[in-house]
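First up is the structure itself, then whatever we jot down about it.
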Amino acid sequence: MRVSRLMLVTLRDVPAEAEITSHQLLLRGGFIRRVGSGIYAYLPMMWKVLQRITLIIREEMNRAGALETLLPQLHPSELWQRSGRWQGYTAGEGIMFHMEDRQGRELGLGPTHEEVITSLAGELLRSYRQLPVNLYQVQTKFRDEIRPRFGLMRGREFIMKDAYSFHADETDLQATYSVMDRAYRRIFERCGLDAVSVDADSGAIGGAASQEFMVTADAGEDLILISDDGAYAANQEKAVSLADAVAPLSPAPLTCLETPGQTTIEGLCSTQDWKPGQVVKVLLLLAVLEDGHEQPVLVSLRGDQELNDVKLVNTVSRRTEQGVLDCRPISPDDLQRQGINSIPLGFIGPDLSDEVLASASSWTSSFLRLADTTATELEQFHCGANTEDQHRSHCSWRDLGGAPESEDLRKARAGERCVHNPDTRLQEKRGIEVGHIFQLGRKYSQALDCCFTNEKGRDEPFWMGCYGIGVSRLAQAAVEQHHDDTGIRWPAAIAPYEAIVVIANFQDEAQKRLGETVYSMLQQTGIDVLLDDRRERAGVKFKDADLIGIPWRLVIGRDAADGTVELVQRSNREMRKMPHGEAIDELLQVLRP
Ligand code: ATP
Ligand code: MG
């Protein structure tokens with residue numbers, strides 16, 4: 001391909017809309033253009049990158065025994081109503097774009113395809129003899145993200161590879177899950193990415209295994225915790241650790257203290273000379289449940305710990321046996337709106353009476369009481385007295401009528417000791433989630449009543465797995481991991497072109513002739529090559545070549561008359577002069593070993 005025909009528009013300045021390097025480089029290199037918030041056009045070079053990634057994914061999915069298919073993007077609402085997800089995905093902070101057709105029927109634009117594929121499987125797979133089946137597709141997904149950002153990293157329209165497997169039993173699901181795990185590792189490695197697999201949250205279903213694949217990069221939106229010995233890695237949403245020990249209080253009688261205005265742990269501890277780890281703090285939250293109930297929640301946590309929102313939502317869901325649409329702190333305004341005036345925010349203890357909810361206009365009239373293990377383990381502690389400007393010191397759970405059941409609700413943090421080996425500690429890194437594999441179990445097959453006939457002739461819901469890769473996010477993650485201050489350094493396997501021939505001075509006949517010769521020789525060997533034939537200054541062409549990041553560059557310059565070229569490797573900028581025939585041989589050796 002000739003650069004003069006490539007519609008290449010590169011930008012010298014960093015576009016204001018782009019915060020992270022990979023987004024800036026893709027815009028500057030003429031790979032993508034923004035069309036709207038979270039909506040991007042993939043320009044021809046980007047499309048080549050995406051197709052090369054897709055090809056690698058396709059090869060590995062086929063090798064893993066999966067079948068390619070293509071499902072509709074328009075989803076009738078009834079399907080999502082049957083699974084119980086329509087409301088959660090369309091109302092409030094739901095991310096599904098939805099619309100009405102000319103007959104007034106409701107439709108959603110597919111953010112994910114469990115509903116569609118499960119109902120198809122239910123119609124087509126009638127017997128255990130047809131199982132297992134693993135189906136995948138590569139397709140545009142739509143999600144009305146609350147905060148679309150960072151270019152292709154979090155788009156509202158993006159390309160995903162999603163796969164769904166169907167099994168007669170859990171053991172068979174686990175076998176396919178490990179095959180997909182291995183396939184994923186190969187895919188990321190072949191794409192030139194350094195990705196780690198981490199334990200991931202599997203939502204409220206519990207039990208089922210789930211792993212995310214993270215490209216480590218400072219710009220990543222996820223926080224991951226990895227043990228020193230590398231044996232444990234988890235998304236912070238899911239991570240567990242041993243909390244630092246705190247010095248126990250020396251036993252003393254329970255006392256009530258005046259603590260005017262001391263509503264924060266810091267304020268309280270500095271005034272009273274207490275340690276945060278000796279205080280039980282109580283958080284007041286409101287959970288909105290799928291059945292419409294608004295459930296007030298009291299969470300007790302050791303004062304030096306932070307609440308993990310994901311663990312909280314999962315626990316609320318398990319304890320109420322309901323999906324949780326939202327879970328957020330209760331504000332003084334919320335209390336006022338409910339007509340509640342007897343909750344002394346900042347001075348709450350774990351035993352705050354349910355009576356304070358009696359006047360609530362729409363909330364459930366008793367608290368769901370939860371406590372993290374760090375709090376329930378304390379023999380004696382300080383806590384709020386449920387009265388304005390008062391706390392209790394040297395309280396025990398017995399004084400409060402007993403401790404709630406212990407739950408893991410705290411955030412694990414870097415520096416803490418690991419559960420698998422208390423001699424190792426957790427380190428933190430940032431990661432970009434490029435893939436997610438998940439043992440779904442029977443959640444969807446049960447909800448949609450999709451069954452097969454088992455060996456004993458009885459109907460049973462399928463066991464299911466699902467497996468996603470963010471194809472467009474992966475492409476940008478590759479840039480985040482492979483660039484320098486002059487531009488992108490595409491890993492060879494996914495680069496838009498394998499080599500670029502740059503004619504330094506197109507007016508020079510010898511240079512022009514040799515450039516054309518080298519270009520056509522490379523084309524004949526099947527190497528995907530660009531020829532920079534533009535009448536631009538050499539400096540401009542070199543800058544552009546650096547920016548767009550083609551792995552190999554052949555520069556045809558002053559020595560063209562005697563057939564000499566410069567071979568430059570983009571990744572390490574190594575440059576060598578050699579006869580053009582040798583340069584072509586060398587390229588063939590590295591690109592077609
Ligand atoms: P996230 O936590 O980043 O919102 P998710 O867990 O909701 O992602 P999945 O439903 O697991 O995403 O989707 C599979 C893959 O699709 C993700 O691992 C990610 O790589 C990619 N992906 C998800 N949302 C987006 C998006 N808005 N833009 C680009 N890629 C996305
Ligand atoms: Mg995910």
Side-chain angles (χ1 to χ4, degrees), residues 20 22-23 26 32 34-40 42 46 49-50 53-54 57 61 85 88-89 93-97 109-117 136-164 180-181 184 187-188 191 193 195-205 208-217 219-224 234-238 309-310 313-314 430-440 443-444 464-481:
I20 63 172
S22 52
H23 186 196
L26 287 179
I32 57 173
R34 181 179 180 276
V35 174
S37 164
I39 308 173
Y40 286 84
Y42 311 121
M46 191 71 215
V49 171
L50 293 168
I53 295 170
T54 305
I57 294 176
M61 285 298 106
R85 291 210 290 183
Y89 265 75
E93 299 199 332
I95 49 137
M96 181 150 66
F97 288 102
L109 275 182
T112 179
H113 278 70
E114 284 83 4
E115 278 76 1
V116 171
I117 194 101
Y136 77 96
Q137 60 172 345
V138 180
Q139 186 196 53
T140 297
K141 292 278 188 277
F142 299 91
R143 292 187 182 180
D144 196 358
E145 295 278 357
I146 292 159
R147 267 194 302 161
R149 56 181 186 161
F150 303 152
L152 306 186
M153 292 289 190
R154 188 168 295 284
R156 297 201 297 163
E157 176 176 334
F158 60 97
I159 304 175
M160 195 200 285
K161 185 286 300 181
D162 46 332
Y164 306 86
M180 293 298 269
D181 178 24
Y184 270 47
I187 289 167
F188 300 127
C191 289
L193 288 175
V196 289
S197 92
V198 304
D199 288 358
D201 172 51
S202 23
I205 322 165
S210 156
Q211 278 163 280
E212 286 163 346
F213 292 82
M214 296 281 183
V215 166
T216 49
E221 287 189 284
D222 286 272
L223 189 72
I224 55 185
N235 192 316
Q236 192 187 36
E237 292 177 353
K238 164 90 178 180
D309 298 328
V310 174
V313 165
N314 290 343
R430 299 217 69 93
I432 302 165
E433 179 193 327
V434 288
H436 195 169
I437 59 175
F438 200 154
Q439 292 180 26
L440 284 174
K443 178 182 154 125
Y444 292 95
M464 288 175 60
C466 75
Y467 319 88
I469 293 182
V471 177
S472 43
R473 182 185 283 184
L474 186 160
Q476 188 174 326
V479 177
E480 199 56 49
Q481 216 169 46

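Just so you know, ligand 1 is whichever comes first in the structure, and atom 1 is the first atom listed for that ligand. The structure presented is a predicted model; accordingly, all values stated were derived computationally and were not measured.
At the top of the distance list for atom 15 (C) of ligand 1, counting protein heavy atoms only, stands G470 N, 3.8 Å. Summary of contacts: the protein heavy atom closest to atom 14 (C) of ligand 1 is M160 CE, 3.7 Å. Of the protein's heavy atoms, G155 N, 3.0 Å lies nearest to atom 28 (N) of ligand 1. Nearest non-hydrogen protein atom to atom 31 (C) of ligand 1 is F158 CE1, 3.3 Å.
Annotation: ring-ring contact (aromatic ring centres under 6.0 Å, His included) contacts of Y89 (sequence neighbours excluded): W80. Every residue was checked against the salt bridge (charged side-chain N to carboxylate O under 4.0 Å, His left out) condition with D222, not counting sequence neighbours, and none meets it. Taking the ring-ring contact (aromatic ring centres under 6.0 Å, His included) definition, one finds that Y136 meets it with nothing, sequence neighbours left out.
Near E145, meaning under 4.0 Å from one of its heavy atoms, ligand 1 places the atoms 24 (N), 26 (C), 27 (N). For ligand 1 and R143, the ligand atoms under 4.0 Å from any heavy atom of the residue are 5 (P), 7 (O), 9 (P), 10 (O), 12 (O), 13 (O), 23 (C), 24 (N). The distance from ligand 1 to the heavy atoms of G435 drops below 4.0 Å at these ligand atoms: 18 (O). The V434 neighbourhood of ligand 1 comprises atoms 18 (O), 20 (O), with distances under 4.0 Å to a heavy atom of that residue.
E237 is not listed as a side-chain neighbour of L223, based on a closest heavy-atom distance of 4.5 Å or more. Contact annotation: the side chain of K443 never approaches that of E114 to less than 4.5 Å [non-hydrogen atoms, C-beta and beyond].
For the pair R149 (side chain) and R154 (backbone), a donor-acceptor distance under 3.5 Å is absent. The closest donor-acceptor contact from the side chain of E480 to the backbone of S22 lies under 3.5 Å. Put simply, the side chain of R34 never gets that close to the backbone of I39: no donor and acceptor are under 3.5 Å apart. Remark: the backbone N or O of P111 is paired with a side-chain donor or acceptor of R143 at under 3.5 angstrom.
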*Take D144 and R156 through the salt bridge (charged side-chain N to carboxylate O under 4.0 Å, His left out) test and state the conclusion after the steps.*
CA-CA 5 Å; D144 196 358; R156 297 201 297 163; 3.0 Å; yes
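Contacts with ligand 1 closer than 4.0 Å are made by backbone heavy atoms (N, CA, C, O) of L152 only, the side chain lying farther away.
Note that the OG atom of S37 and the CZ atom of R147 stand 12.0 Å from one another [nearest 0.5 Å]. To the nearest 0.5 angstrom, L474 atom CG is 6.0 Å from F188 atom CZ.
The heavy atom nearest to atom 19 (C) of ligand 1, out of those in M214, R473, Q476, E212, is found in R473. Looking at E433, R154, M153, it is R154 that brings a heavy atom closest to atom 3 (O) of ligand 1.
On a distance-only criterion, S472 and ligand 1 share no N/O pair closer than 3.5 Å.
Protein atoms that are N, O or S and lie under 2.8 Å from the Mg ion (ligand 2) are these: E433 OE2, H436 ND1.
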